[in-house]
Amino acid sequence: MRNLLPLISSHPGGRSALTCRFRCGDACFKETPNTSDNEYAGDIIARAVSRRSMMRAAAVVTVAAAAGTAALTGPNAPQAEAVALAGHGHEPPRKPAPSGARGLRFSPVAPNKNDKVTIPDGYSQNVVIRWGEPILRGAPAFNPDKQSAKAQAGQFGYNNDFLSLLPLRGERGRQVLVANHEYTDEILMFRGYDPANPTREQVEIAWAAHGLSVVVVQEEHRTGKLGPVSRHPLNRRLTATSEFRVTGPAAGSPLLRTSADRTGRKVLGTLNNCAGGTTPWGTTLHGEENFNQYFANGNTDMHKRYGIGTGATERKWERFDRRFDLAKEPNEANRFGWVVELDPYDPDSTPRKRTALGRFKHEAAQPRLTSDGRPVVYMGDDEKFDYLYKFVSSKRMKKGTSRAAREHNLTLLDEGTLYVAKLTGDSPAAEIDGTGKLPTDGEFDGSGVWIPLATGTTSHVPGMTAHEVYVYTRLAGDKVGATKMDRPEDVEPSPRTGRVYVALTNNSDRGKEGKAGADEANPRNANKHGQILELAENWDDPAGDGFAWRLFLVAGDPNDPATYFSGFPKESVSPISCPDNVAFDDHGNLWISTDGNQLGSHDGLFGVATHGDRRGELKQFLTVPTGAETCGPVIQDRRVLVAVQHPGEVDGASVEKPASIWPDGPGKIVRPSVVAVWRKDGRDIGV
């Protein structure tokens with residue numbers, strides 16, 4: 001047996017201190033916002049054991065029903081796979097067929113520290129678009145020494161994260177690329193930057209570098225290469241000062257009103273947009289995540305619950321705009337932390353912040369439809385010990401692209417019910433010892449319930465109004481006893497099976513004194529590597545209130561006994577650490593990007609089979625450059641896109657002393673960028 005892979009960082013999550021400082025305001029080093037004493041799964045496992053047979057029977061029905069739904073799984077879905085999710089024991093290692101899972105037939109990239117995007121043999125790549133490239137009419141070419149807010153507002157933003165590629169009818173070879181711009185790192189943007197004394201010009205450039213970009217891209221005819229179509233009529237930039245509408249049941253609430261907006265219905269800007277989703281009706285969703293770090297002088301328990309500090313901020317924006325000073329505008333922070341919906345086909349539309357989906361650190365929001373056409377959106381709150389949510393719309397989607405259909409579909413996320421998840425394991429508490437050792441039944445698995453929080457103007461949480469539930473959703477989850485999870489990030493339902501996959505990135509505080517200990521869904525104390533949870537709704541009904549679950553992957557070095565790859569032989573998988581964004585290909589494989597790899601390699605993108613004889617086969621497709629994080633994967637038949645975020649973000653780095661020369665080589669400023677990868681022979685990825 002090989003030795004365990006070496007660790008390369010003791011910093012929480014494997015990220016540099018510089019990344020934590022600018023991306024999330026050093027959240028890992030501050031008191032965990034969730035100090036509630038609500039039950040977590042470890043407390044209720046003992047009571048669950050007496051009902052174990054009943055739950056298992058329910059889970060068998062749940063997943064058997066899902067397997068029998070031809071629209072989701074197809075007629076040849078193996079029954080044995082469905083029964084496995086019911087918790088009938090750990091699947092023994094299988095001897096897979098030699099050809100490999102379809103869609104994953106490539107030579108895996110070995111773990112490495114290359115300062116480049118490393119891809120499999122037989123594949124090519126190009127940089128699609130870089131930070132600062134002009135996309136709007138009149139925007140100048142990027143010049144790192146002559147930046148301005150006006151220029152940046154017409155250029156591709158900084159630190160690209162979520163990506164969506166949408167079809168563009170009538171324009172051959174073109175698609176619409178939508179990108180989030182999560183945060184700025186001024187130390188890597190400006191020469192001679194003084195963190196204690198930023199200039200107004202630097203602050204306004206940073207405002208313009210946040211937000212969203214819409215840019216049409218053109219495919220090169222003979223390859224998979226993509227490039228931006230500058231000045232296309234659909235191209236657009238939304239920034240920290242653009243106008244956004246507040247919609248849904250909390251719109252107009254006194255909790256959202258400020259001196260500049262006494263209606264509580266108009267917000268300037270969107271901040272810290274992390275992952276997102278693409279809707280069946282052709283819009284994109286964008287999660288506002290670590291918004292707390294932009295607001296100074298928090299002074300209430302609710303500010304503390306959302307991680308807002310009591311002093312000055314890192315970027316000092318409060319010096320230049322009073323709305324970032326909560327001592328002056330106590331409600332301004334309540335106007336961030338929402339899911340934003342954007343219509344990329346209408347450059348004149350005003351994006352909408354959807355209050356019905358709740359307010360927390362949204363990592364992502366990916367819908368699926370019920371059998372009668374109502375959207376259900378799954379969401380994670382990316383904080384240690386916070387919760388998993390879903391929203392079920394009360395309206396049905398209208399098909400087609402008529403104006404009436406589009407206007408109707410733009411109201412789908414304003415009416416419905418918001419839920420939070422409570423998970424129960426089916427093993428005795430004594431068997432969950434925090435080491436990651438499998439319980440005697442051979443799997444980490446169990447059942448769960450969706451607890452309703454609010455429906456329209458009706459609150460289901462005692463002592464809270466509906467407005468309070470939507471604006472202070474974390475507190476609502478505390479009150480109803482939701483399960484404390486290990487940083488739930490991206491949550492994606494499989495288009496093939498309907499099962500829902502939850503990326504739980506890590507939790508260095510699990511099991512510490514005064515903190516929640518290990519439970520069956522979060523089975524490792526001081527969890528450095530994370531896990532992926534697989535969830536099947538009862539009767540395959542995404543609008544239902546119950547589900548079965550199990551851990552699909554327990555990440556880390558495959559040589560570590562506390563790792564698990566759905567029974568696939570561990571000597572045949574790539575090592576993986578800290579799963580973050582996820583996406584599916586047309587073969588049903590789950591693709592996983594990582595953030596904070598603690599296994600001696602740069603972060604990367606991985607594909608894993610979710611069904612069939614090779615279920616659990618995990619292979620690394622690429623790695624990203626020094627200091628970078630892999631974000632926003634888009635998996636098409638003949639192309640993979642990734643957002644290479646914060647390259648060169650290494651402690652001690654600056655514009656003057658770069659830690660990376662990617663993407664443009666020595667002497668050039670390091671620039672976050674989007675990369676496309678394709679097969680040299682023009683065939684589909686991994687087949």
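Numbers for residues simply follow the sequence, beginning at 1.
Between Y378 and W450, the ring planes lie tilted relative to each other; the angle falls in the 30° to 60° range.
Other residues, nucleotides and ligands contribute more than 12 heavy atoms inside 6.0 Å of the CZ atom of R174. Shown here is D545, whose CG atom has no more than 12 heavy atoms of other residues, nucleotides or ligands within 6.0 Å.
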| said: Please determine whether side chain to side chain contact (heavy atoms under 4.5 Å, CB included) holds for the pair L535 and R499, giving the CA-CA distance in whole Å, both sets of side-chain angles, and the decisive distance to 0.1 Å. | reply: CA-CA 6 Å; L535 180 156; R499 296 179 189 172; over 6 Å; no
| Between N507 and D486, does a side chain to side chain donor-acceptor pair (under 3.5 Å) hold up when you go through it step by step? | CA-CA 5 Å; N507 186 349; D486 286 350; 3.0 Å; yes
| task | Before giving the answer on ring-ring contact (aromatic ring centres under 6.0 Å, His included), spell out for F244 and H286 the whole-Å C-alpha distance, their side-chain angles and the decisive distance to 0.1 Å. | result | CA-CA 13 Å; F244 289 74; H286 308 267; 9.3 Å; no
| request: Apply the test side chain to side chain donor-acceptor pair (under 3.5 Å) to residues E520 and W549: give CA-CA distance (whole Å), side-chain angles for both, the deciding distance (0.1 Å), then the verdict. | output: CA-CA 10 Å; E520 198 157 351; W549 66 267; over 6 Å; no
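Residues L165 and V176 fail the side-chain proximity criterion, which asks for heavy atoms closer than 4.5 Å. Between L163 and V674, the closest side-chain pair of non-hydrogen atoms falls below 4.5 Å. Using a 4.5 Å cut-off on side-chain heavy atoms (C-beta onward), Y183 and N290 make no contact. E288 is listed as a side-chain neighbour of T270, based on a closest heavy-atom distance under 4.5 Å. At least one side-chain heavy atom of L475 sits under 4.5 Å from a side-chain heavy atom of M464. Looking only at side-chain heavy atoms (C-beta outward), F291 and R359 come within less than 4.5 Å of each other. The shortest distance between side-chain heavy atoms of T411 and K395 falls below 4.5 Å. Taking the side chain as every heavy atom from C-beta outward, M485 and F385 never approach each other to under 4.5 Å.
Between E289 and K361, none of the side-chain N atoms (NZ, or NE/NH1/NH2) sits under 4.0 Å from a carboxylate O, so this pair counts as no salt bridge. R305 has a carboxylate O that lies under 4.0 Å from a charged side-chain N of D386, or vice versa, which qualifies the two as a salt bridge.
A cation-pi arrangement is found for R474 relative to Y306, the charged atom lying closer than 6.0 Å to the ring centre and inside a 45° cone about the ring normal. Annotation: cation-pi pair K479/Y472 absent, no NZ/CZ under 6.0 Å from the ring centroid and within 45° of its normal.
There is no side-chain donor-acceptor pair under 3.5 Å between D490 and Y501.
Aromatic pair Y294/H210: ring centres closer than 6.0 Å.
Looking at R236, its side chain never comes within 3.5 Å of a backbone N or O of V215 through a donor-acceptor pair.
Expressed to the nearest 0.5 Å, how far CZ of R102 lies from CG of N589 amounts to 10.5 Å. Here CG of N235 is found 11.5 Å from CZ of R237. Values are rounded to the nearest 0.5 Å.
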